[in-house]
Chemist: 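A single structure is presented below for examination.
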Amino acid sequence: MSDDSVIIEKTEESGRYPFQAIERKWQTRWEASQVYRTEEGGDKPKSYVLTMFPYPSGSGLHVGHCKNYVPGDVVARFRKMQGFNVLHPMGWDAFGLPAEQDAIKRGVNPRSVVPQLAAEYKRQMSVLGLSYDWTREINTTDPAYYKWNQWAFLLLYKMGLAYRKSAPVNWCINESSVLANEEVVDGKCWRCDGPVIKKDLPQWNVKTTAYADKLLEGLDKINWPEGIKTQQRDWIGRSEGAEVDFETPIEGEKITVFTTRPDTLWGATFLVLAPEHPLVDDLIGLGTWEQNEAVRAYRDAAAKASEMDRTAEGREKTGVFTYSYATNPVNGDQIPIWIADYVLMGYGTGAIMAVPAHDQRDFEFARKFCLPIVLVYSDDETQTEDDLTAALPTGGTFRAAFDTPFTGEPNSKETVKKVIRWMETYVQSDDPDNYYPLSGFGRGRIVYRLRDWLLSRQRYWGTPIPMIHCPKCGIVPVPESDLPVVLPDVENYKPTADGRSPLAAIESFVKVKCPECGDDAERETDTMAGTVDSAWYFLRYTSPHNASAAWDRAAADYWMPVDMYLGGREHAVSHLLYCRFFQHVFHDAELIDADEPASTLRNQGMLNSLTPVDADSDPRDKKPIKPDELVGFDRDSWISRFQSGGVFPAERIMRDVETGGGKTEPVNIEFQWLKMSKSKGNATTPDEMAEAYGADALRMYVLFEAPFEDSIQWSEERMTGTFRFLNRVFDIVTQICPAYDPAYSKRLQVTDLAEERALRRKTHQTIAKIAEDIAELRFNTAVSALMIHTDALRRFVAAHGSNSPAAHEAAATLVKLLAPFAPHIADELWERLGHKDEFLFRTDWPIADGAVAAEEEITLVVQVNGKLRDRITLPATADATACEEAALRSAKVMEELNGRSPKKVIVIPGKLVNIVV
RNA sequence: GCCGAAGUGGUGGAACGGUAGACACGCGCGCCUCAAAAGCGUGUGAGGAAACUCGUGCGGGUUCGAGUCCCGCCUUCGGCACCA
């Protein structure tokens, strides 16, 4: 390593430390010596630090990515120095639409683009000094990776968790692609904002619903942010209630509804079916031709309407009567059957009993269509339905009018349970005058809002689903020994007109022999959703090169679960739910010990950039304008102009795509803090910042500027703070270097010099403080503590010179504590202190000596009636009595008391005395 | 509408129920310099000459003591939204 021991001197004229040379030098050395290779085994504890892996796009990294990657890097480096075996890997989540769309646009195969993009990301990550073990790099588009997606799919299939079903799906017209529910935002496609309609296609689904309860229970034992847990609970949406059967005029067909309020059955005055309900067709035909046409028209309109139209805010209830009636099982009433789109086929049974007196939606529907309203609960028996202006979901007692065992019961969960028990056992009566149902017309049931995971995509750039359709044998899984089913090259990336994936057009891919009968068969042409790739990638990192299994059992059991998982809040219910599902499935299949993927999860904040936007665009979502589209754009002066005078006019260049020429048109400009992204034109690259201030200063800036979970308002100006700090560190440590004795600890002893003791105290307090702060992800206060410590050292050296072992201890400790945050300058200064051929990554975290860290004196705060009146310095040994006496002796207190005697004295020894008069 | 997070100087932000504003940006003054930049030192919540007083979105409460805990509002930002 001595071959490149470049002597780097501070460039005198600039007054800045030579960060560029230092960073290049150490990045080269780290790479050459493979310092970040994961170590396993020994008797060290393990720590798996994982940052969500990126989708490598063509625009590369910007400084906003530092908000994700730098904190993880600090934790990984810290744990390593603390003596853990650390797994800190990185990879590429590279399947999916953006690469494919780019391919369509530019006519290139994503297969050839992904490695270039990944290489560029990797280069930029190295510029930032991130300590990834690149020998464990994974790429989801590598057949050696997605082979195991296919293996996992076959496992789900064998476990009965994967099934094919023709179902209405979200279909984005623009992208000609199926979307998962969470990919539909406000009824529009999350990616292109295009309209989303319902379309019937045979789809592969996975029974996540079978794991609903396990996914709920698992939340209780993991240390994840409460907000994420709440979102997952809401998404799963467990709801306890009952199914109730209603007889219909159609022979042998019942309508089963789901209700959370079976206790209000006596108030059910009509039924409502979802337009897609299978019985709708049978019910049509019982009315006149015109009537049936109206029902048909309504159903067809509902099918065509986009999700946005159907769920639009404050929308008036719509619906249509089927001219059929069902029988209310508790009283034999014939109640009308309606169809309305506020009832959703995907939830419960797709049918409800409407109880307008106690449900607001049913109430609105009943009032609009003049349907009867019957109160089941009321405050008194004289209350009538006519007075109602809104439904009464709570309150009141069960009315006497219904001749049930429930008269007088409160409107409560207990009553609901009683009714369910009664329903399940209710038997027919002999009394011919009363209508009584057959026994068991209803039963308790739990339903979930969670729907099964739709993972078919009619797209090219994804993992082929390893299934074969045989005319004789039906659906046959590809034998495991034939995996991977390799994604072939393709000429055309667009889906076929019938909605099948581009793979359907490749005969050599589609044509296959059935593994069971050997006859001609066809391959499945759907590919998997990208969320499959990320649902188990953390397991692959534990043994990324294993060719015979998705993971090595021993390695996975050693590293799992992830100890610290860092990523954005936007994955709350998609990725973070699916990866938990996979982990539970693998656990149940006895393939892994851990049943949860990550014991601790934390969400970092965003990094926002002050961005010029079109002031006249949609106020909730103002359109950013790229700087190069604005005539005479000057960031600083435009921002100050906006801040002093608000919106102002400018000229925007409208490029003509065909001719390449441009004309301008007027636009009103304002500035908004928007999440940094290349597509908005508001991004700054880490390369620029590393060039101007160094990666270390950039790292420290994103750590220092705001708490980990908060957003940062990007400001290059403010980065000067951490940059100046690193310069001061460089100056003071290099100043100490000539006198520095690496064996300083032998010379450390109890000293008469108070300043020396104070410096050592600060050193040891800082060690403890930084360790605590990193463990809690409080990087901003950790950086602050480093600044305070550096300042203490500088003052000490200014006053007492650099010969003191206390100063050497402070300097060496400072460099070590700095290492997780600013690894380049730390390694450089460590070397300059004489520790040749060492990497701080491989050294030990300093140990705080509690005795040295203990304060000698305390500042006693003296309050009178809770107001600060005096501060007294006392020896740290002062006990409660000494504190109280000192406080009462205080001249300021005597003046304040003015002869009055204290009523009460509160003493917190060593801290505070409060005298109450 | 429901759920979640948060409101502290000119700015980003500190603060186990115990000195509000650590640390930093900006700004003022001083040193260095022919001058500037950089750097170093120093000051910087508001009012006041000072002693002091007032100050953590608003209104109550608990407490010897509240930015912190409780109740009710207001505002901002996320997420969900006819889920029977």
Side-chain angles (χ1 to χ4, degrees), chain A residues 12-16 182 185-186 225-231 233-235 237-239 241 257-262 264 268 272 274 310-315 317 340-344 346-355 358-362 364-365 447-451 569-570 572-573 603 605-606 673 700-701 704-707 709-715 717-722 724-725 727-728 731 778 780-788 790-791 794 798 859-871 895 902-908 911-917:
Chain A
E12 291 298 330
E13 62 275 20
S14 70
R16 304 157 132 211
E182 58 273 20
V185 178
D186 291 336
E226 278 309 313
I228 299 284
K229 288 191 188 183
T230 305
Q231 281 186 58
R233 285 193 190 104
D234 290 352
W235 191 259
R238 182 189 155 100
S239 179
V257 305
F258 174 72
T259 176
T260 55
R261 298 298 306 274
T264 60
V272 187
R310 270 183 74 165
T311 61
E313 195 173 347
R315 188 161 150 270
K317 294 270 177 299
D341 64 5
Y342 80 91
V343 176
L344 309 172
Y347 184 78
T349 59
I352 63 161
M353 62 178 215
V355 184
H358 301 294
D359 181 281
Q360 186 58 28
R361 291 157 306 176
D362 298 343
E364 286 167 21
F365 196 85
V447 306
Y448 301 90
R449 201 189 81 110
L450 179 73
R451 294 182 210 179
R569 284 175 187 84
E570 64 273 22
V573 290
N603 305 121
M606 295 186 298
W673 288 104
M700 295 203 77
Y701 165 76
F704 179 60
E705 183 69 359
E709 305 210 344
D710 291 3
S711 289
I712 286 179
Q713 302 189 345
W714 169 255
S715 158
E717 183 183 76
R718 297 179 74 90
M719 227 177 78
T720 56
T722 51
R724 284 176 194 159
F725 165 67
N727 274 287
R728 288 197 296 270
D731 286 345
R778 290 189 302 242
N780 55 332
T781 51
V783 173
S784 165
L786 285 171
M787 290 172 165
I788 293 166
T790 303
D791 198 42
R794 292 170 72 230
T859 301
L860 186 73
V861 172
V862 184
Q863 297 178 334
V864 176
N865 285 338
K867 291 205 170 178
L868 176 70
R869 283 296 175 255
D870 201 3
R871 275 170 248 227
E895 188 186 327
K903 205 188 289 175
K904 194 173 171 188
V905 181
I906 316 287
V907 183
I908 313 292
K911 289 209 101 165
L912 174 140
V913 174
N914 188 12
I915 299 160
V916 187
V917 292

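Letters go in sequence order (proteins before strands), and every chain restarts at 1.
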Chemist: Suppose we call a contact any N or O donor and acceptor under 3.5 Å apart; does that hold for the side chain of A/K903 and the base of B/C64?
Modeler: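 Under the 3.5 Å cut-off, the side chain and the base do not form any donor-acceptor pair.
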
Chemist: Could you list the residues that satisfy ring pair (Phe, Tyr, Trp, His ring centres under 6.0 Å) with A/F704, not counting sequence neighbours?
Modeler: none

Chemist: Please check the phosphate of B/C64 (OP1 and OP2 only) for any side-chain N or O of A/N865 closer than 4.0 Å.
Modeler: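 For B/C64, neither OP1 nor OP2 has a side-chain N or O of A/N865 closer than 4.0 Å.
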
Chemist: Can you figure out which of B/C25, B/A14, B/G18 approaches the side chain of A/T781 most closely?
Modeler: B/A14

Chemist: Can you check nucleotides 47-56 of chain B for protein contacts, nitrogen or oxygen pairs under 3.5 Å, and list what you find?
Modeler:
| residue | atom | partner | partner atom | Å |
| --- | --- | --- | --- | --- |
| B/U53 | OP1 | A/R869 | NH2 | 3.4 |
| B/C54 | OP2 | A/K867 | NZ | 3.3 |

Chemist: Please enumerate all residues that pass side chain to side chain donor-acceptor pair (under 3.5 Å) together with A/R261, with sequence neighbours excluded.
Modeler: A/D263, A/N411

Chemist: Does B/A81 have OP1 or OP2 sitting under 4.0 Å from an N or O in the side chain of A/R449?
Modeler: yes

Chemist: List in chain and number order the residues that pass side chain to side chain contact (heavy atoms under 4.5 Å, CB included) with A/E226, two or more places apart in sequence or in another chain; answer none if no residue qualifies.
Modeler: A/K229, A/R233

Chemist: To the side chain of A/M787, which of B/C83, B/C23, B/G26 is closest?
Modeler: B/C23

Chemist: A/T720 has a side chain; which of B/A84, B/G26, B/G13 sits nearest to it?
Modeler: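 Nearest nucleotide to the side chain: B/G26.
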
Chemist: So if I take every side-chain heavy atom of A/D234 and compare against B/C25, B/C64, B/C3, which nucleotide ends up nearest?
Modeler: B/C3

Chemist: Within the pair A/R724 and B/G39, is there a side-chain N or O less than 4.0 Å away from OP1 or OP2?
Modeler: yes

Chemist: For RNA chain B, list all stems, counting runs of three or more consecutive pairs where every pair is Watson-Crick or G-U wobble with both distances under 3.5 Å.
Modeler: B:1-7 with B:74-80, B:10-12 with B:23-25, B:26-31 with B:39-44, B:45-47 with B:52-54, B:57-61 with B:69-73

Chemist: Under the side chain to side chain donor-acceptor pair (under 3.5 Å) test, which residues partner A/T781, sequence neighbours left out?
Modeler: A/D773

Chemist: State which of B/C82, B/C83, B/A22 makes the closest approach to the side chain of A/S784.
Modeler: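 Per side-chain heavy atoms of A/S784, the pick is B/A22.
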
Chemist: Between B/G4, B/C16, B/C82, which nucleotide has the shortest distance from any of its atoms to the side chain of A/K911?
Modeler: B/C16

Chemist: Taking only the side-chain nitrogens and oxygens of A/R794, find out if one of them lies under 4.0 Å from OP1 or OP2 of B/C40.
Modeler: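 For B/C40, OP1/OP2 do have a side-chain N/O of A/R794 under 4.0 Å.
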
Chemist: Test of understanding: with side chain to side chain donor-acceptor pair (under 3.5 Å), list the residues that count as partners of A/D791, not counting sequence neighbours.
Modeler: A/R795

Chemist: Under the side chain to side chain donor-acceptor pair (under 3.5 Å) rule, collect the residues that match up with A/D362, sequence neighbours excluded.
Modeler: A/Y342

Chemist: With sequence neighbours left out, write down each residue that passes side chain to side chain contact (heavy atoms under 4.5 Å, CB included) with A/D870, or none if nothing qualifies.
Modeler: A/V862, A/I872, A/S890, A/K892

